[in-house]
Amino acid sequence: MTLALSYGRQWISEEDVDAVRDCLRGDYLTQGPRVAEFEASLRRATGARYAVAVSSGTAALHLAYEALGFGPGDTGVTSAISFVATANAFLYCGGSARFADVEPDTALIDIESLRRVASTGPRPKIIAPVDLGGHTFDRLAVRRIADDLGAMVVEDAAHSLGAAYTAGGESFLVGSCAHADAAILSFHPVKHITTAEGGAVLTRHEHVYQRLLSLRSHGIHRDPTRFVRGAEDPYAGPWYYEQTELGHHYRLPDVLCALGTSQMKRLAEFVTRRRELAALYDRAFASDRFASKLRPLEVRAREGSAYHLYVVQLIERVGESLRDVARRRRRLFDSLREQGILAQVHYIPIPWQPFYAKSGAAEYPGAESYYARSLSLPMFPAMEEADVARVVAAVEEGLG
Ligand SMILES: *Cc1c(COP(=O)(O)O)cnc(C)c1O
């Protein structure tokens, strides 16, 4: 029997298993030396000045927003197409979320829509676009809008670890925070590297870094130079620490950091492999067999993409409604399932979620068009050339 191919999955090597086993047999299961090691590997790979490992990508979003001073009454803007966590984290902080539309053929934040949303209604404190599928949003344009409004930028780079983008003719690594105040990563098994569950915040601001460290662990610190009542506490001793704000327990344990550091050794290889697989798909879907039926998502910065997803879009027939295209997309999805190909749809527009829809029925034509026509096909580094061929054949069969 041939194995089902899902849209994404982890690749755990024997070295990864050894790294975890060594940690399990050592002195620290949590908060030992492996946390700093993992953070150093993230800094090296992204060029970020500071990296803070946390328990999930969602925790990373919450901490990043909070450490940047986002709080009750504040408004954040993200893309209508992202995972719900990008918006939810604004609400964890007591603020609210608004949405900019996306370009229907790239699924990336639509700059004109962002400008409109950000300059009407409450002024956003944070703009948090997502590198959907591993393809980078327009860093310079977003930064310019943020600067005009005095807003901060958080890159949701959960899909784009290992990606690069160009701005003003220069090349930058995603996560370097060259055009952002912070960036977040996720290490969920479908992402580029995994720690089972895990995430990280990257930043270039020292004060944000200090705040992240505090908020990651209950708002507690042990730095004597910052003690508020340490000298006055007649019972103080080497055990002394102070809680100076309300933090969380968002730490990532040593066992998982050991896995992360081991996985990071193969990040470049993983990303290269994803680009190779994307090129194989691109070539296959450029064939006449697919003309006027289906095309890959438009990727502007192909060379730099980290290809978290490989998305294809059905092409609308003349006079066909989006609902009709969506019906054909559904038939393709079902046919792929029957053939053992577990495609997915990333994502349902967040403002359509019942939780968000109650706050008004704004329209997102770009997000709607993208959502109706798109499918994510299998894309993970352990795939073989034959797997790509199998998916392509199944798509051809499914299109009928
Ligand atoms: C995976 C993901 C997250 C959240 O990551 P978790 O580690 O699952 O909490 C946030 N944003 C996007 C775009 C993601 O894909």
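Indexing begins at 1, ligand by ligand and atom by atom, following the structure's order. It should be emphasised that the depicted structure is a prediction, and the values quoted were computed from it without experimental measurement.
Within 4.0 Å of ligand 1, heavy atoms belong to protein residues Ser56, Gly57, Thr58, Leu61, Ser82, Phe83, Thr86, Val130, Asp156, Ala158, His159, Ser186, Lys191, Gly198, Tyr347.
Judged as a ring pair (Phe, Tyr, Trp, His ring centres under 6.0 Å), the pairs with a partner in residues 107-154 (not counting sequence neighbours) are, in order, His135-Tyr307.
Cluster membership check: Tyr165 does not share its hydrophobic cluster with Ile111, using side-chain heavy-atom separations under 4.5 Å among Ile, Leu, Val, Met, Phe, Trp and Tyr.
Between Tyr209 and Tyr50, the ring planes are parallel. Angles under 30° get that label, and only those over 60° would be called perpendicular. Note: Tyr371 and Trp352 have perpendicular aromatic rings, judged against thresholds of 30 and 60 degrees for the angle between ring planes.
For Arg329, the salt bridge (Lys or Arg N to Asp or Glu O under 4.0 Å) test picks out no residue, with sequence neighbours left out.
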Which pairs of donor and acceptor atoms, one on a side chain in residues 182-189, lie under 3.5 Å apart (sequence neighbours left out)?
from, atom 1, to, atom 2, distance (Å)
Ser186, OG, His188, N, 3.3
Ser186, OG, Lys191, NZ, 3.3
His188, ND1, Val190, N, 3.2

